[in-house]
Amino acid sequence: MSGVALVAGLPPRACGLENLTHQVSPFCGTQGEGNTFPGAVAPFGMIQWSPDTTTKWPSCYRYTDTEIRGFGLLHASGGGCQYGGDFGFLPFLGKVEGSPHDGGNFWKLNRRYSGTVASGSQHASPGYYSVGFANGIKTELTATTRTGFGRFAYPAGGDAGMLVNMAGDNNGTADASIQINANGREISGWARVAGMCGTAAGITYFDVVFDHAFATYGVWNGPTLNNKATSATGPNTGAYVSFELPGGGTVLARTAISYVSVANAQANLAAESPAASFNSAGFDAMKASADAGWNAYLNKIQVSGGSLTERQTFYTALYHCLQAPSVVSDANRQYIGFDGKMHALPAGRTQYGWFSGWDIYRCECQLLAILDPARAGDMAQSLLQDLQEGGAMPRWGDAFGDSGIMVGDCSVPIIADMYAFGARNFDVAAALTAMEKAATTPNLKARNGTYERPGLSDYLQRGYVPSGVGQG
């Protein structure tokens with residue numbers, strides 16, 4: 001390419017905003033071993049509302065699959081382990097007769113409810129995803145940092161229904177609870193799910209409000225269906241509702257998640273997706289806002305020259321880089337620390353998780369510090385909070401704790417390089433103290449037993465780490 005301009009930070013030249021989101025393909029990496037997802041997500045967003053297909057992939061999705069088992073709220077992009085697929089919304093036509101539960105597949109939902117993708121009907125752009133089913137249902141999704149907005153169009157002539165599957169986690173749901181508030185057109189609940197690679201389990205909460213009253217509703221628990229019941233608890237649970245749409249029509253859904261509580265998920269929804277905008281125009285406005293947010297970030301690097309395909313490759317890669325580390329604190333600044341307790345951040349701060357340490361310390365953390373030093377500083381401070389609350393800086397931290405699935409002490413170079421490339425708004429003195437301690441004190445480990453710097457005692461004694469020796 002003939003030119004690169006950094007519009008933010010250290011600009012070689014002044015540049016206006018270009019329309020760059022159309023050069024991003026969210027479907028890139030959804031075949032082969034890319035393990036990306038195509039759904040709606042904001043930059044560094046907590047929620048990732050995306051389709052989940054019926055074969056098991058780390059991202060819950062493969063473009064060549066023809067059936068969708070739901071639209072889950074949690075996903076990870078580019079991971080090498082199973083994760084996500086939780087709180088799967090599935091629009092369908094027909095009545096619920098018997099429990100939708102099916103223990104014969106990993107997502108625990110009867111395949112007869114799965115939606116068959118109509119050929120050529122999938123479309124995605126940063127912050128937006130849509131798909132048409134062969135039965136005439138169309139789903140559109142968009143997102144803010146902590147919320148999602150869904151628009152579901154049902155054809156005439158069929159019963160319009162929606163399932164919310166609590167048992168669809170890619171690693172298997174450990175436990176869950178779901179409640180229906182029919183008067184409020186609301187469903188809420190929680191699921192205890194495993195973290196990346198099946199480690200560091202924790203609870204995620206969700207809330208969803210629909211714009212249509214429920215004509216019928218009920219819950220299931222394993223093979224047992226309870227019509228008109230409003231709650232269920234257990235790892236194989238879910239809820240169904242239906243809407244009076246004999247001539248077809250559109251149902252809107254506003255949803256949010258939290259790692260703290262259902263009440264915080266509701267507060268996130270009120271903060272980022274207010275009821276006053278709960279209409280189709282509000283959906284379009286959120287979609288436009290998501291596009292503008294992504295376009296602003298993509299414009300932090302402007303390139304010229306090369307082919308259109310090369311520019312699309314560049315901006316799609318940049319798009320994927322700007323999805324994580326992701327926000328884990330709520331709009332009220334509360335979050336769950338690595339000690340399992342609720343904490344509150346000072347004003348102006350955000351807590352981040354999903355530090356794929358082994359994968360990002362070489363170059364992504366430096367890029368983030370150049371493009372957005374203030375956000376990178378919050379990320380560096382988040383690692384220090386993880387140390388304070390979890391006993392050690394994480395090697396591969398998700399939303400719940402340090403998974404410890406990679407070797408090395410990745411947080412140290414992440415923080416050092418973020419500082420070197422412009423991030424300053426974190427406790428630099430505390431970071432240096434933590435780094436010195438990590439480099440000189442053997443056997444430092446997190447509350448979950450993960451060593452921060454494996455093999456350090458051998459390194460300090462010998463100057464190298466022999467193969468097959470102890471952890472400390």
Side-chain angles (χ1 to χ4, degrees), residues 26-27 38-40 49-54 60-61 63-73 87-100 102 107 109-125 128-143 148-165 168 180 182 185-187 208-218 220 225 227 238-255 277-287:
F27 291 110
W49 205 354
S50 189
D52 303 318
T53 53
T54 53
C60 304
Y61 176 89
Y63 183 79
T64 51
D65 289 348
T66 58
E67 293 179 75
I68 290 176
R69 59 183 170 93
F71 299 94
L73 302 181
F87 314 118
F89 292 75
L90 184 57
F92 70 99
L93 296 178
K95 290 179 168 49
V96 174
E97 297 174 348
S99 172
D102 180 0
W107 70 94
L109 192 68
N110 193 301
R111 197 161 188 160
R112 70 186 177 90
Y113 292 101
S114 299
T116 300
V117 176
S119 179
S121 69
Q122 293 191 85
H123 303 280
S125 60
Y128 175 76
Y129 171 85
S130 69
V131 63
F133 288 166
N135 61 10
I137 294 175
K138 180 179 180 180
T139 295
E140 296 178 272
L141 308 173
T142 189
F149 202 152
R151 184 160 60 188
F152 305 92
Y154 294 86
D159 294 290
M162 179 75 72
L163 302 180
V164 181
N165 181 25
I180 298 174
R185 308 186 307 276
E186 180 181 31
I187 302 174
V208 60
V209 179
F210 296 90
D211 72 332
H212 278 60
F214 303 154
T216 61
Y217 57 85
W220 69 86
L225 178 69
N227 295 311
Y240 77 89
V241 297
S242 68
F243 312 100
E244 288 285 356
L245 295 172
T250 298
V251 173
L252 303 177
R254 299 160 55 242
T255 189
S277 300
F278 195 17
N279 47 52
S280 272
F283 179 95
D284 294 334
M286 184 181 290
K287 175 178 178 287

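None of these values were measured; they are calculated from a predicted model.
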Side-chain touch [X]/[Y], heavy atoms, less than 4.5 angstrom:
{"X": "Lys138", "Y": "Ser121", "result": "no"}
{"X": "Ile187", "Y": "Phe210", "result": "yes"}
{"X": "Phe214", "Y": "Ile180", "result": "yes"}
{"X": "Val96", "Y": "Ser242", "result": "no"}
{"X": "Phe71", "Y": "Pro91", "result": "yes"}
{"X": "Leu252", "Y": "Ser280", "result": "yes"}
{"X": "Trp220", "Y": "Pro100", "result": "yes"}
{"X": "Arg185", "Y": "Phe243", "result": "no"}

For the side chain of [X] and the backbone of [Y], is there at least one donor-acceptor N/O pair under 3.5 Å apart?
{"X": "Asn165", "Y": "Gly88", "answer": "no"}
{"X": "Thr54", "Y": "Arg69", "answer": "no"}
{"X": "Tyr217", "Y": "Tyr240", "answer": "no"}
{"X": "Arg254", "Y": "Val209", "answer": "no"}

Item to complete: Take Asn227 and Thr216, measure what side-chain contact (heavy atoms from CB on, under 4.5 Å) needs, and give me the verdict at the end.
Response: CA-CA 8 Å; Asn227 295 311; Thr216 61; over 6 Å; no
[X] side, atom [atom1]; [Y] side, atom [atom2] - distance, nearest 0.5 Å:
{"X": "Thr53", "Y": "Glu67", "atom1": "OG1", "atom2": "CD", "value": "9.5 Å"}
{"X": "Leu141", "Y": "Ser50", "atom1": "CG", "atom2": "OG", "value": "8.0 Å"}
{"X": "Thr255", "Y": "Leu73", "atom1": "OG1", "atom2": "CG", "value": "5.0 Å"}
{"X": "Tyr154", "Y": "Asp159", "atom1": "OH", "atom2": "CG", "value": "11.0 Å"}
{"X": "Tyr61", "Y": "Ile68", "atom1": "OH", "atom2": "CD1", "value": "6.5 Å"}

Enumerate, atom names and distances included, each donor-acceptor pair closer than 3.5 Å involving a side-chain atom of residues 112-120, sequence neighbours excluded.
{"residue": "Arg112", "atom": "NH2", "partner": "Glu97", "partner atom": "O", "Å": "3.4"}
{"residue": "Ser114", "atom": "OG", "partner": "Arg111", "partner atom": "O", "Å": "3.3"}

Worksheet item: Could you walk me through whether Gln122 and Tyr129 pass the side-chain contact (heavy atoms from CB on, under 4.5 Å) check?
Response: CA-CA 8 Å; Gln122 293 191 85; Tyr129 171 85; 2.6 Å; yes
Item to complete: List the atom of Phe149, the atom of Met286, and the distance in Å for their closest heavy-atom pair.
Response: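 Scanning both residues, the minimum pair turns out to be CB-SD, 3.6 Å.
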Discussion item. Testing the basics here: between Pro38 and Ala124, what is the closest heavy-atom pair and its distance to 0.1 Å?
Written reply: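 Taking Pro38 first and Ala124 second, the nearest heavy atoms are O-CB, 3.6 Å.
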Worksheet item: Asp52: what forms a side-chain hydrogen bond (donor to acceptor under 3.5 Å, both in side chains) with it, not counting sequence neighbours?
Response: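 Checked Asp52 against side-chain hydrogen bond (donor to acceptor under 3.5 Å, both in side chains); matches are His75.
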Item to complete: Let me know which of Asp284, Thr250, Thr139 forms a side-chain hydrogen bond (donor to acceptor under 3.5 Å, both in side chains) with Arg151.
Response: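 Among Asp284, Thr250, Thr139, the one meeting side-chain hydrogen bond (donor to acceptor under 3.5 Å, both in side chains) with Arg151 is Asp284.
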Practice prompt. Compute the centroid of each ring, for Phe89 and then for Trp49, and state whether the two points are separated by less than 6.0 Å.
Written response: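 Aromatic pair counts; centres sit under 6.0 Å.
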